[in-house]
Visitor: 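One structure follows; several queries about it will come next.
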Amino acid sequence: MVRNGKRLTFPSTLRSTRLTGHLGIALAVSFGICFLTGLLSHLIQHPPGWFWWPSRPAGLYRVTQGLHVATGLATVPLLGVKLWSVYPTLFEWPPARTIARAAERTGVAVLVAAGLFQVVSGVLNVARWYTPMPFFFTTGHYWVAWLAIGALLVHVGVKLPLLRKPPPEPSRDGGRDKGLTRRGLLAGTAAAAGVVTLATVGQTLAPLSRLSVLAPRDPKAGPQGLAVNRTAAAAGVTELVRDPAYRLVVGSRSLSLADLEAMPQYTVDLPIACVEGWSATASWTGVRVRDLVPIGAVTVESLQPRGRYRVSTLPPEFVADPRTLLALRLNGEVLHPDHGYPVRLIAPNRPGVLQTKWVGRLTVREIR
Ligand SMILES: Nc1nc2c(c(=O)[nH]1)N[C@H]1C(S)=C(S)[C@@H](COP(=O)(O)O)O[C@H]1N2
Ligand SMILES: [Mo]
């Protein structure tokens with residue numbers, strides 16, 4: 001194949017502006033959804049003053065975070081074929097003849113590097129393999145997302161006019177390459193993205209779980225039929241939670257397990273929706289948080305001595321929601337230590353990391 005008067009080292013008549021453009025649109029859409037749902041998840045976990053997130057619909061976060069991980073995984077085959085389709089030009093030499101071209105190529109380099117970083121770090125996080133990441137995953141993944149979306153917007157701005165041009169001259173053999181057509185390649189790429197999605201989405205869509213051979217997590221595999229993210233042993237609370245002197249401290253009051261069991265009990269069906277993409281609905285029984293504290297922002301603190309997820313904040317809407325419980329039971333049985341015995345928080349429309357286990361203290365921060 002000859003392009004710009006030069007013979008390219010990886011000849012394939014399948015490479016064309018149109019192919020690259022179609023792949024680009026698919027990537028921009030999946031990456032765009034991934035970016036927005038990821039940003040939403042970040043805002044819910046680190047809410048700035050202007051941000052407001054409702055407690056209903058109860059399963060909304062489960063959908064947005066499921067989409068985040070599914071679209072992120074779907075970009076793997078798309079990104080692979082897209083890079084292949086422009087592979088010869090990535091190593092063009094000399095790198096740039098004009099300043100405009102130099103700026104464009106720098107932008108592409110940032111986009112490729114940031115895109116690969118996001119996909120790789122995301123997959124490592126889903127697989128919970130942190131050794132290759134010498135940084136805190138959440139912070140790195142968040143900031144590089146801005147880099148990637150910025151470079152993507154610039155790139156789309158530069159390249160969009162190319163797609164509006166009349167279709168490029170058909171290659172001499174009609175776009176055939178060892179029997180594979182352009183349409184075939186696009187269909188194959190779409191199929192690969194579909195297979196990746198089907199093979200993983202069962203970690204949040206239970207009816208598809210049997211197809212999910214690549215999903216690292218079976219949301220139903222764990223004590224009491226529910227996956228566990230951090231066990232009591234890993235959190236260092238095995239002894240603490242068994243202590244018969246356990247008290248839940250609520251402001252200046254202190255309640256024993258018997259006190260909590262004597263209060264009105266409610267049962268709700270709510271999902272655990274982990275940021276890592278797995279989710280599962282379970283039936284929780286316990287005390288309404290709003291029966292314990294006045295409506296307002298509440299800090300929920302674990303018995304866990306240290307660790308990033310030992311404290312969470314319940315915004316007023318969540319305290320007011322009658323489905324927000326301090327659960328004592330899961331699927332009808334007393335909570336397993338790994339699920340937060342003696343008491344764990346469960347609230348609608350909330351990321352798994354904020355469903356604090358082994359709760360020891362509620363503190364009212366402000367009363368509304
Ligand atoms: N105290 C405490 N609570 C915690 C965690 C933790 O590390 N410490 N992990 C959270 C995460 S990341 C998830 S997804 C849910 C999982 O709940 P489960 O283990 O009961 O399924 O618990 C949350 N509650
Ligand atoms: Mo999680």
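The residues of the chain are indexed from 1 along the displayed sequence.
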Visitor: Taking all non-hydrogen atoms of both residues into account, name the closest pair between His339 and Pro223 and its distance.
Guide: NE2-O, 2.7 Å
Visitor: Are a donor atom and an acceptor atom from the side chains of Ser312 and Arg350 found within less than 3.5 Å of each other?
Guide: yes
Visitor: Specify whether Phe91 and Tyr87 have parallel, tilted or perpendicular ring planes, treating 30° as the upper limit for parallel and 60° as the lower limit for perpendicular.
Guide: perpendicular
Visitor: Any side-chain donor paired with an acceptor under 3.5 Å for Thr299 and Thr313?
Guide: no
Visitor: State whether a side-chain donor-acceptor pair under 3.5 Å links Trp52 with Glu317.
Guide: yes
Visitor: Are Gln355 and Ile272 packed together at the side-chain level, in the sense that at least one heavy-atom pair is separated by less than 4.5 angstrom?
Guide: yes
Visitor: Would you check, one step at a time, whether the test side-chain contact (heavy atoms from CB on, under 4.5 Å) holds for Val287 with Gln265?
Guide: CA-CA 5 Å; Val287 184; Gln265 305 288 306; 3.8 Å; yes
Visitor: Ignoring hydrogens, what is the shortest heavy-atom contact between Ser16 and Arg182? Give both atom names and the distance.
Guide: OG-NE, 3.7 Å
Visitor: Please check this pair: side chain of Arg288 against backbone of Pro322, looking for a donor-acceptor N/O pair closer than 3.5 Å.
Guide: yes
Visitor: Does Leu39 belong to the same Ile/Leu/Val/Met/Phe/Trp/Tyr cluster as Leu147, with side-chain heavy atoms less than 4.5 Å apart forming each link?
Guide: no
Visitor: Answer yes if the side chains of Asp259 and Ser256 hold a donor-acceptor pair under 3.5 Å, and no otherwise.
Guide: yes
Visitor: Whether the side chain of Gln304 engages the backbone of Arg306 through a donor-acceptor N/O pair (distance < 3.5 Å, no angle test) should be reported.
Guide: yes
Visitor: Mind checking whether Val250 and Leu255 have side chains closer than 4.5 Å, heavy atoms only?
Guide: yes
Visitor: Determine whether a donor-acceptor pair (N or O, by modelled atom type, separation under 3.5 Å) exists between the side chain of Glu301 and the backbone of Thr356.
Guide: no
Visitor: Determine yes or no for a side-chain-to-main-chain donor-acceptor pair under 3.5 angstrom, with Lys357 supplying the side chain and Arg230 the backbone.
Guide: yes
Visitor: Is it possible for you to say whether Leu124 and Leu73 belong to one hydrophobic cluster, with membership spreading through side-chain heavy-atom contacts below 4.5 Å?
Guide: no
Visitor: Quick check for you: to the nearest 0.5 Å, what is the distance between Leu330 atom CG and Glu333 atom CD?
Guide: 7.5 Å
Visitor: Please check if the distance between the ring centroids of Tyr142 and Phe35 is under 6.0 Å.
Guide: no
Visitor: I'd like to know if the side chain of Asp338 reaches the main chain of Val228, judged simply by a donor and an acceptor atom lying under 3.5 Å from each other, with no hydrogens or angles considered.
Guide: no
Visitor: Keeping the roles fixed (side chain from Arg101, backbone from Ala96), state whether a donor-acceptor pair exists under 3.5 Å.
Guide: no
Visitor: Do Thr285 and Thr267 meet the criterion of a side-chain donor-acceptor pair at a distance under 3.5 Å?
Guide: yes
Visitor: Trp143, Val275: one ILVMFWY side-chain cluster at the under-4.5 Å cut-off?
Guide: yes
Visitor: Is any side-chain heavy atom of Leu270 closer than 4.5 Å to a side-chain heavy atom of Thr281?
Guide: no
Visitor: Mind checking the CG-CZ spacing from Leu162 to Arg18? Nearest 0.5 Å is all I need.
Guide: 12.5 Å
Visitor: So how far is it from Leu19 CG to Arg183 CZ, rounded to the nearest 0.5 Å?
Guide: 13.0 Å
Visitor: Linking I/L/V/M/F/W/Y whenever their side-chain heavy atoms sit closer than 4.5 Å, directly or via other members, would Leu90 and Val119 fall into one cluster?
Guide: yes
Visitor: Let's go through Phe117 and Val112 carefully: what are the C-alpha distance in whole Å and the side-chain angles of both, what is the deciding distance for side-chain contact (heavy atoms from CB on, under 4.5 Å) to 0.1 Å, and is it a yes or a no?
Guide: CA-CA 8 Å; Phe117 177 90; Val112 171; over 6 Å; no
Visitor: To the nearest 0.5 Å, how far apart are CE in Met263 and CG in Asp291?
Guide: 5.0 Å
Visitor: The test is side-chain contact (heavy atoms from CB on, under 4.5 Å); show your working for Thr64 and His68 and say whether it passes.
Guide: CA-CA 6 Å; Thr64 65; His68 177 70; over 6 Å; no
Visitor: So do Thr17 and Lys159 actually touch side chain to side chain, heavy atoms under 4.5 Å?
Guide: no
Visitor: Nearest 0.5 angstrom please: His22 NE2 to Leu78 CG, how far?
Guide: 13.5 Å
Visitor: Examine Leu354 and Val311 and state if one hydrophobic cluster contains both, with Ile, Leu, Val, Met, Phe, Trp and Tyr joined whenever side-chain heavy atoms are less than 4.5 Å apart.
Guide: no
Visitor: Flag the pair Leu186 / Val81 as yes when at least one side-chain heavy-atom distance between them is below 4.5 Å, and no otherwise.
Guide: no
Visitor: Determine, for Phe136 and Arg308, whether the Lys NZ or Arg CZ falls below 6.0 Å from the six-membered ring centre while staying within 45 degrees of the axis.
Guide: yes
Visitor: Has Asn125 got a side-chain atom pairing as donor or acceptor with Glu276's backbone, closer than 3.5 angstrom?
Guide: no
Visitor: Testing the 3.5 Å rule here: is there a donor-acceptor pair between the side chains of Arg344 and Ser302?
Guide: no
Visitor: Does either side chain, that of Ser30 or that of Thr75, offer a donor lying less than 3.5 Å from an acceptor on the other one?
Guide: no
Visitor: Side chains of Val268 and Leu325, heavy atoms from C-beta outward: is any pair under 4.5 Å?
Guide: yes
Visitor: Would you say the side chains of Tyr309 and Asn229 form a donor-acceptor pair under 3.5 Å?
Guide: no
Visitor: Taking all non-hydrogen atoms of both residues into account, name the closest pair between Leu314 and Ala347 and its distance.
Guide: CD2-CB, 4.4 Å
Visitor: Show the nearest heavy-atom pair for residues Ala235 and Pro305, with the distance to one decimal.
Guide: O-CD, 3.9 Å
Visitor: Would you name the heavy atoms of Gly277 and Val69 that are closest together and state the gap between them?
Guide: CA-CG2, 3.7 Å
Visitor: For Arg361, does the CZ atom have more than 12 heavy-atom neighbours from other residues, nucleotides or ligands under 6.0 Å away?
Guide: no
Visitor: Using a 3.5 Å distance criterion without hydrogens, assess whether the side chain of Trp358 forms a donor-acceptor pair with backbone atoms of Pro337.
Guide: yes
Visitor: Whether the side chain of His155 engages the backbone of Val108 through a donor-acceptor N/O pair (distance < 3.5 Å, no angle test) should be reported.
Guide: no
Visitor: Is Tyr341 close to Leu257 at the side-chain level, that is, under 4.5 Å between some pair of heavy atoms?
Guide: yes
Visitor: Which pair of heavy atoms, one from Thr71 and one from Leu67, lies closest together, and at what distance?
Guide: OG1-O, 2.6 Å
Visitor: Quick one, Trp50 and Leu43 - any side-chain contact, counting heavy atoms below 4.5 Å?
Guide: yes
Visitor: Given side-chain contact (heavy atoms from CB on, under 4.5 Å), test Trp284 with Leu335 step by step and report yes or no.
Guide: CA-CA 9 Å; Trp284 309 90; Leu335 282 177; 4.1 Å; yes
Visitor: Given the rule in the side chain to side chain donor-acceptor pair (under 3.5 Å) test, do Ser279 and Tyr61 qualify, once you have shown the distances and angles that lead to the verdict?
Guide: CA-CA 10 Å; Ser279 59; Tyr61 179 80; over 6 Å; no
Visitor: For the backbone of Gly38 and the side chain of Gln65, can you confirm whether one donor and one acceptor N or O come within less than 3.5 Å of each other?
Guide: no
